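Since the structure comes first, as structure tokens, the remarks are kept for the end.
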Amino acid sequence: MQKLWWQDEGIRAWAWRAWRYYSWRPGYQLRLSVAEATAYVDMKNKVVVCNPQRPLPPLKYLSGVRHLPAGAEREFQLAYLESLIAHEAGHTQFTDTDSLPPGLLGQLVNIIEDERMERLMVRDFPKLAPLLTMANDADAAHWIDRQGAGGDVIGGCLLWRFTWNHPVWAYKPDGPDAHLWPQVKEILEAAWTAPHHDDVVLAARRILALTGRDHEERWPELSDFCDGEALALDRGGERNKAQQDGAEGDGAGQQGKRGRAAAGQQEQEDEEEEESGTQTDDGARGDEGGGAHPRFGPGSGGQDAPQRPTPEQPPTAQSEALREQTLGEARRLAAALRVPYDPDSVRPSRDRGRFRYDRFVGGSERPFDQRVGGGSPGETHLRLAVDISASMASGGRMMQARRMAFTVVHAAQMAGVAVLAVAFDERVQTLIDPHTRPQSALNAVAALDVRGDTYLSPALRALWTPELSGQSVTLIITDGQLSAGDYAACGALKAAHSGAVVPILLGADAARPAYERAFGVCVHMDDPAQLTNHVIAFLRAWQARMRR
């Protein structure tokens, strides 16, 4: 079963570090799950749950979202996840209760407390301000898209929390209770700066009394924008049972048992406690001087928040189409990239080794051959340079190059082989580096298209500069339309390079002599279906030479 992007170990480790940074509550258990609309914190059982799959705001409102991170949906979701973690951490710092009143009162208390607590978090973590602004703008966009900018004043309390300082969006009361908005707004904004949570509850009661909705049941439309409902509202029993049973949607079974840290979290806690002091019963760091509980954020000797990792991108339509077209070729090439292992000897084995069908059908007791001895074949890594100059547009060469590059990269991923890739015209464009995520790498290759003039030698310098372990195999895909000076520079670079080079020439018979003088005998093919066969043949021959 394929992992979701947020189930990646790097994403989960970062989320845990972010929780520790914003809350300094190592005794809590952090879960990422799509079972919740946004997030909640259960301070009684020390569990915090965040939904990492928040969708982008509707396109027509996207321009109104301030501080939107550059990139696609994944970058937004990762930033929004950090805002959720910081928000729930704020509740553990500043919300003086682990429960909410029932019904609409509890939802209104939640709305007011969220703004009060976020302002206190920004006071202690000033760099949170743009992140929380982005999250509130995104929530405002979703609310306006569903409910509009008007409505009654209870919904207005939520929308005004999101938009009180927005340059364009604002709550515009147009319901039967619109005349009450000035009084409600005054009570609401006073509660945002109240010193205690009890003041928030009192303000919520006053607003409901003013509108005559004192005993009204909870409002479902507010639920997707309210956190912290687990302990008091009518879904609390179901949520607590789900925690005990370990049922957390797509995140089930991945965060450890209730009351224990998830896999990897306990080790992180132990390491960080050694560096940071003694853990007290409430999860805060011990303080020799006593008094107010210490902070781990700005102004207290702490460091900046952990840097967000690069999330995996969803596959593009181009990438999906190329995957379907080249899957068979990629599998064959992946098998060729795995360097054969020559054992010193072979012995029969009951339970391990290479399966022997002839022994199996004959009823042999030991249908396996276990290979014994022999050194490791060593590592191999690939380097790929793809020509995207304007001359590649003729004869379908760009399509062939894109297809071949995609096959090579996909095969390397299947074989577990490291790969570096650049595209070149008169400039060098890095496609894949050691930190590029697999799907992001395939998306980058699938998006290749023609640009300007051909200049190969700078691409080879950039491609051969990074040092990777193991034997190097470089594939160069071009139509060979290089200048004399560029050919000479490429020949000098090739002579100084110790790894194997597979030069692939697409079309242009006239360019072949100069191309082979620089790189040696090349794979010259117009038929993309034969390119993979020739590259596999080259790899087999190269591996045979390496084993001599």
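Just so you know, residue 1 is the first one in the sequence shown, and it goes up from there. Treat the numbers as computed from the prediction; the structure is a model and nothing was measured.
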More than 12 foreign heavy atoms under 6.0 Å from CZ of Arg331: is that the case here?
no

Do we see a donor-acceptor contact under 3.5 Å between the side chains of His91 and Asp114?
yes

Can you establish whether the number of heavy atoms outside His67 located under 6.0 Å from its atom NE2 is more than 12?
yes

Proximity of Trp19 and Tyr28 rings by center, below 6.0 Å:
yes

Hey, is Arg116 close enough to Asp199 for a salt bridge, meaning N to O under 4.0 Å?
no

Could you report the tightest heavy-atom contact between Leu159 and Ile144, atom names first, then the distance?
CD1-CG1, 3.9 Å

Gap separating the CD1 atom of Ile207 from the CD atom of Glu186, nearest 0.5 angstrom:
11.0 Å

Nearest heavy-atom pair of Gln107 and Ser223: which atoms, and what distance?
NE2-OG, 3.4 Å

4.5 Å side-chain heavy-atom contact, Phe406 and Arg402
no

Judged by atom type as modelled, is there a donor-acceptor pair below 3.5 Å linking the side chain of Asp96 to the main-chain atoms of His196?
no

Are the side chains of Asp137 and Tyr61 in contact, using a 4.5 Å heavy-atom criterion?
no

Where do Leu382 and Leu420 land on the side chain to side chain contact (heavy atoms under 4.5 Å, CB included) test, with the steps shown first?
CA-CA 6 Å; Leu382 289 181; Leu420 301 175; over 6 Å; no

Measuring from atom CZ of Phe225 to atom OG1 of Thr38, what distance do you get when rounded to the nearest 0.5 angstrom?
9.0 Å

Answer yes or no: is there a donor N or O on one side and an acceptor on the other, between the side chain of His166 and the main chain of Val168, under 3.5 Å?
yes

Look up atom CZ in Arg437 and atom CG in Asn443, then write down how far apart they are to the nearest 0.5 Å.
13.5 Å

Answer yes or no: is there a donor N or O on one side and an acceptor on the other, between the side chain of His87 and the main chain of Met117, under 3.5 Å?
no

Run the salt-bridge test on Glu113 and Arg161 with the 4.0 Å N-O cut-off and return the result as yes or no.
no

Could you pull out the closest heavy-atom pair between Tyr80 and Ala138, with the gap in Å?
CE1-CB, 4.5 Å

Donor-acceptor pair between Gln313 and Glu75 side chains, under 3.5 angstrom
yes

Verdict with supporting geometry, Trp160 and Glu189, side-chain hydrogen bond (donor to acceptor under 3.5 Å, both in side chains)
CA-CA 10 Å; Trp160 188 242; Glu189 293 184 343; 2.8 Å; yes

Which residue, Lys127, Arg308, Arg54, Arg17, forms the salt bridge (charged side-chain N to carboxylate O under 4.0 Å, His left out) with Glu82?
Arg308

Specify the closest pair of heavy atoms between Met134 and Val65, including all atoms of both residues, with the distance to one decimal.
O-CG1, 3.8 Å

Please tell me if the side chains of Trp5 and Gln53 come closer than 4.5 Å, counting only heavy atoms from C-beta onward.
yes

Do Pro55 and Gln77 come within less than 4.5 Å of each other through their side chains, counting heavy atoms only?
no

Could you tell me which non-hydrogen atom of Pro167 sits nearest to which non-hydrogen atom of Arg66, and how far apart they are?
CD-NH1, 3.8 Å

Within the 3.5 Å criterion, strictly below it, is a donor on Ser23 or Gln93 matched to an acceptor on the partner's side chain?
no

Any heavy-atom pair between the side chains of Ser389 and Met392 that's under 4.5 Å?
yes

Walk me through whether Glu217 and Leu104 qualify under side chain to side chain contact (heavy atoms under 4.5 Å, CB included).
CA-CA 5 Å; Glu217 294 298 319; Leu104 185 59; over 6 Å; no

Do any N or O atoms from the side chain of Arg206 and from the backbone of Ile187 form a donor-acceptor pair under 3.5 angstrom?
no

Ignoring hydrogens and geometry, is there a side-chain-to-backbone donor-acceptor pair from Ser319 to Pro315 under 3.5 Å?
no

Verify whether one side chain among Arg323 and Gln439 offers a donor that lies under 3.5 Å from an acceptor in the other.
yes

Between Gln29 and Arg31, do the side chains contain a donor N or O and an acceptor N or O under 3.5 Å apart?
yes

What's the separation between atom CG in Leu158 and atom CD1 in Ile154, rounded to the nearest 0.5 Å?
10.5 Å

Show your reasoning for whether side chain to side chain contact (heavy atoms under 4.5 Å, CB included) applies to Leu208 and Leu108.
CA-CA 9 Å; Leu208 290 182; Leu108 188 54; 3.9 Å; yes

Trp164 ring center near Tyr171 ring center (under 6.0 Å):
no

Any sub-3.5 Å donor-acceptor pair from Asp174's side-chain atoms to Gly150's backbone N or O?
no

Is the closest side-chain heavy-atom distance between Tyr22 and Asp124 below 4.5 Å?
no

Report the C-alpha separation of Arg205 and Asp214 in whole Å, then their side-chain angles, then the decisive distance to 0.1 Å, and conclude whether the side chain to side chain contact (heavy atoms under 4.5 Å, CB included) test is met.
CA-CA 7 Å; Arg205 291 187 187 279; Asp214 309 54; over 6 Å; no

Go through the side-chain N and O atoms of Asn45 and Asp42 and say whether any donor and acceptor fall under 3.5 Å apart.
yes

With no hydrogens and no angle check, do the side chains of Asp433 and Thr430 hold a donor and an acceptor under 3.5 Å apart?
no

Give a yes or no answer on whether the side chain of Asp425 reaches the backbone of Ile388 with a donor-acceptor pair at less than 3.5 Å.
no

Evaluate the side-chain proximity of Leu78 to Ile11: yes if any heavy-atom separation is below 4.5 Å, no if none is.
yes

Check whether any side-chain heavy atom of Trp16 lies under 4.5 Å from a side-chain heavy atom of Leu32, and answer yes or no.
no

Where is the tightest heavy-atom contact between Thr326 and Arg403, given as atom of each residue plus distance?
CG2-CG, 3.7 Å

The reported gap from OG1 in Thr95 to CD in Glu88 (rounded to nearest 0.5 angstrom) is 9.0 Å

Between Arg74 and Pro311, is there a donor-acceptor pair closer than 3.5 Å when you use the side chain of the first and the backbone of the second?
no

Using atom types as modelled and distance alone, determine if a side-chain donor or acceptor of Ser440 lies under 3.5 Å from a backbone N or O of Thr436.
no

Look up atom CH2 in Trp219 and atom CZ in Arg213, then write down how far apart they are to the nearest 0.5 Å.
6.0 Å

Say whether, by atom type as modelled, one donor and one acceptor occur between the side chain of Asn51 and the main chain of Ala39 under 3.5 angstrom.
no

